[in-house]
2 protein chains.
Amino acid sequence: MEKAPGKREARKEERRLAILQVAKRSFLDNGYSGTSMSAISAELGGSKGTLWSYFPSKEELFAAVLDHATTSYRQELGDLLAPSADLRATVFAFARSFIAKITSPEAMRLHRLVSAESGRFPEVGEIFYRRAPQPTQQLLAGFFAAQMDAAHMRRDDPLAAARVLASLCMGGAHQRLLWGIDTSPGDIEVEARYAADIFARAFEIA
Amino acid sequence: MEKAPGKREARKEERRLAILQVAKRSFLDNGYSGTSMSAISAELGGSKGTLWSYFPSKEELFAAVLDHATTSYRQELGDLLAPSADLRATVFAFARSFIAKITSPEAMRLHRLVSAESGRFPEVGEIFYRRAPQPTQQLLAGFFAAQMDAAHMRRDDPLAAARVLASLCMGGAHQRLLWGIDTSPGDIEVEARYAADIFARAFEIA
DNA sequence: AGAAAATCGTACCCTATAGTACGGTTATGG
DNA sequence: CCATAACCGTACTATAGGGTACGATTTTCT
C-alpha cells in the first residue's frame with residue numbers, strides 16, 4: 001500500500017514540509033494575526049497560487065502547522081523518564097531533562113502561541129494538550145503508581161503526584177522566561193535539584 | 001497642588017478611562033495584532049482624530065492599557081494573605097484565594113496577552129512581572145521568613161518556598177484553563193487543599 | 001460674550017492583506 | 001514523446017489597517 005515514492009509525490013511532500021517550516025517560524029514569531037500568507041509566500045519564493053494550492057486558507061495552514069509542531073514535540077518526549085539507581089535520582093534526572101525541554105526557545109514560543117490562540121481557537125489548546133502535557137502526565141503517573149506499589153513512595157493519587165512534579169518544574173525558569181526575565185542555563189540544574197527535593201519530601205521518598 | 005478638578009480635566013480623564021476600557025477589552029480578546037485602532041474608535045463613537053489625540057499610536061495605547069490593567073490587578077492582591085489560626089489554615093486560605101484570582105476570566109485573558117506579547121515587546125513581560133508575580137512572591141516570602149524564625153516550618157530559602165507554593169497553585173486549574181480545558185469551580189477548593197497539603201509536607205508544617 | 005480647547009465628521013493617503021485568475025513554463029510519468 | 005500535473009509570474013479584486021488633514025461644532029474657562 002505504502003509503496004511507490006514517485007518523484008511527484010516526493011517533491012510534493014518536500015514542498016509541503018518546506019511550507020510548514022516557514023509558516024511555523026512565522027506563526028511562532030508573530031502569532032496568528034501577525035502572520036501573513038503573502039509574507040510566507042514571499043519568503044518561500046514562487047507563486048502565491050502554489051501556496052494556496054497546498055493550504056486553501058490561513059486557518060488550515062495554521063492547523064497543519066500546529067499539528068506538525070506538536071507531533072514533533074511529542075516524539076522527543078518518550079525518553080525523559082529513564083529509570084536509574086534510586087527513585088530520587090530518577091526524579092531528578094526527569095526534572096532536569098523536562099525543564100531543559102520546556103525552556104528551550106522553540107518550546108517557549110510554542111507555549112506562547114498555544115496559550116495565546118487557544119482563547120480564540122478552542123481546538124488549538126486541545127490539540128496541544130492531548131499531545132504534550134497529557135501524555136507526559138500519564139507517563140509519570142504510571143511510573144509513580146508502580147513506585148507506590150513497591151512502597152518506594154507514599155501512596156497517593158499517582159496522577160496528582162505527576163501534576164505536582166510537573167508544576168514544580170514549570171514554576172521556575174519556565175515561568176520567568178514567559179515574562180521575558182532571562183535566566184542562566186545553570187539555573188536548570190539548580191531548579192531541577194530543588195524540585196526533586198521538594199517532591200521527595202512531599203512524597204516521603206527514602 | 002492637586003486641586004481644581006475642572007470640568008475640562010474631569011471629562012478628559014473620564015474619556016481617557018473610557019478609551020482604556022474599550023481598548024483593554026479588545027486587546028484582551030484579540031491580542032495586539034488582532035486589535036485595530038479603527039475598531040476601537042468605532043466602538044467608542046466619535047472621531048478617529050480624538051482617539052489619536054489621546055494616544056498618538058497603537059503602541060502607546062497598548063502600553064497604557066497594560067499599565068492600567070496590571071495596576072488594578074495588583075491592587076486586589078494585598079489581602080490574599082490573611083493570618084489565621086494556624087499555619088496550615090493560612091496557607092490553605094491563601095491558596096484558595098490565589099487560585100480563584102488567577103483563574104478568573106479576566107486574569108486568564110491578561111495572562112494570555114502578556115505571555116503572547118512579551119516575546120515581541122520585552123517590556124510587556126517586565127511591567128507585568130514587577131506588578132503581579134513579584135510582589136506576591138515577596139509577600140509570601142516575608143511571611144514564610146517569619147514563620148521559619150518562629151520554627152513553625154522548616155528553615156529554607158523563603159523566596160524558594162514562596163515559589164513552590166505559587167507553582168503548586170498554578171499547576172492545576174490555571175494551567176488547564178490555559179489550554180482551554182474547562183474546569184468546575186469546585187476544583188478550586190480541592191486543588192487548594194491539595195496544594196496546601198503538599199506544601200505542608202514539604203516544609204514540615206506541624 | 002468671546003477666546004481657547006476639545007470634539008466631530010469625513011474624506012483622504014498609503015500600505016498590507018487574504019484570496020483569485022490566468023496564461024506561460026517546467027518536470028514527471030507512461 | 002507527449003499528455004498532464006505541478007509551478008511560476010504577475011496582475012488583479014476588495015477590504016482593512018494605521019495614521020493624517022481640516023473645516024465645522026460644541027464645551028469650557030475667564
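Letters A, B, ... mirror the listed sequences (proteins, then strands); counts begin at 1. Values below: all heavy atoms of this structure, side chains included; hydrogens, waters and symmetry mates excluded.
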On the nucleotide D/dG18, are OP1 or OP2 found under 4.0 Å from the side-chain N or O atoms that B/S38 carries?
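Yes, such a contact exists.
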Who passes side chain to side chain contact (heavy atoms under 4.5 Å, CB included) against A/S97, sequence neighbours left out?
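Per chain and number, A/S97 pairs via side chain to side chain contact (heavy atoms under 4.5 Å, CB included) with A/L80.
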Those residues that, when tested against B/R130, pass side chain to side chain contact (heavy atoms under 4.5 Å, CB included) (two or more places apart)
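Counting only residues at least two positions away or on another chain, B/R130 forms a side chain to side chain contact (heavy atoms under 4.5 Å, CB included) with B/E126, B/Q134.
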When you compare the protein's N or O atoms with those of nucleotides 7-9 of chain C, which come within less than 3.5 Å of each other, and at what distance?
from	atom 1	to	atom 2	distance (Å)
C/dT7	OP1	B/Y54	OH	2.7
C/dT7	OP2	B/Y54	OH	3.3
C/dC8	OP1	B/R15	NH2	3.3
C/dC8	OP2	B/R15	NH2	2.7
C/dC8	OP2	B/T50	OG1	3.3
C/dG9	N7	B/S47	OG	3.2

Among residues 25-37 of chain B, which ones have heavy-atom contacts with DNA chain C below 4.0 Å?
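Heavy-atom contacts with DNA chain C come from no residue of residues 25-37 of chain B; none.
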Test of understanding: with salt bridge (charged side-chain N to carboxylate O under 4.0 Å, His left out), list the residues that count as partners of A/E13, not counting sequence neighbours.
none
Go through the structure and list residues passing salt bridge (charged side-chain N to carboxylate O under 4.0 Å, His left out) with A/E106, not counting sequence neighbours.
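Salt bridge (charged side-chain N to carboxylate O under 4.0 Å, His left out) list for A/E106, sorted by chain: A/K24.
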Take atom CH2 of B/W52 and atom P of D/dC22, then tell me their distance rounded to the nearest Å.
17 Å
Let me check something: any side-chain donor-acceptor pairs from residues 164-182 of chain A under 3.5 Å, sequence neighbours excluded? List them with distances.
from	atom 1	to	atom 2	distance (Å)
A/S167	OG	A/R163	O	2.7
A/H174	NE2	A/H111	ND1	3.0
A/R176	NH2	A/E191	OE2	2.6

Salt-bridge test for A/E43 and A/R25: reply yes if a basic N is under 4.0 Å from a carboxylate O, no otherwise.
yes
Which side-chain N or O atoms in residues 192-201 of chain A pair as donor and acceptor under 3.5 Å with protein atoms at least two apart or in another chain?
from	atom 1	to	atom 2	distance (Å)
A/Y194	OH	B/D156	OD2	3.0
A/D197	OD2	A/R201	NE	3.3
A/R201	NH1	B/E204	OE2	3.3

Identify each donor-acceptor pair in which a side-chain atom of residues 66-73 of chain B lies under 3.5 Å from a protein atom, sequence neighbours left out, and give them as a table.
from	atom 1	to	atom 2	distance (Å)
B/D67	OD1	B/R131	NH2	2.6
B/T70	OG1	B/L66	O	2.9
B/T70	OG1	B/D67	O	3.1
B/T71	OG1	B/D67	O	2.8
B/T71	OG1	B/R131	NH1	2.5
B/S72	OG	B/H68	O	3.4
B/S72	OG	B/A69	O	3.1

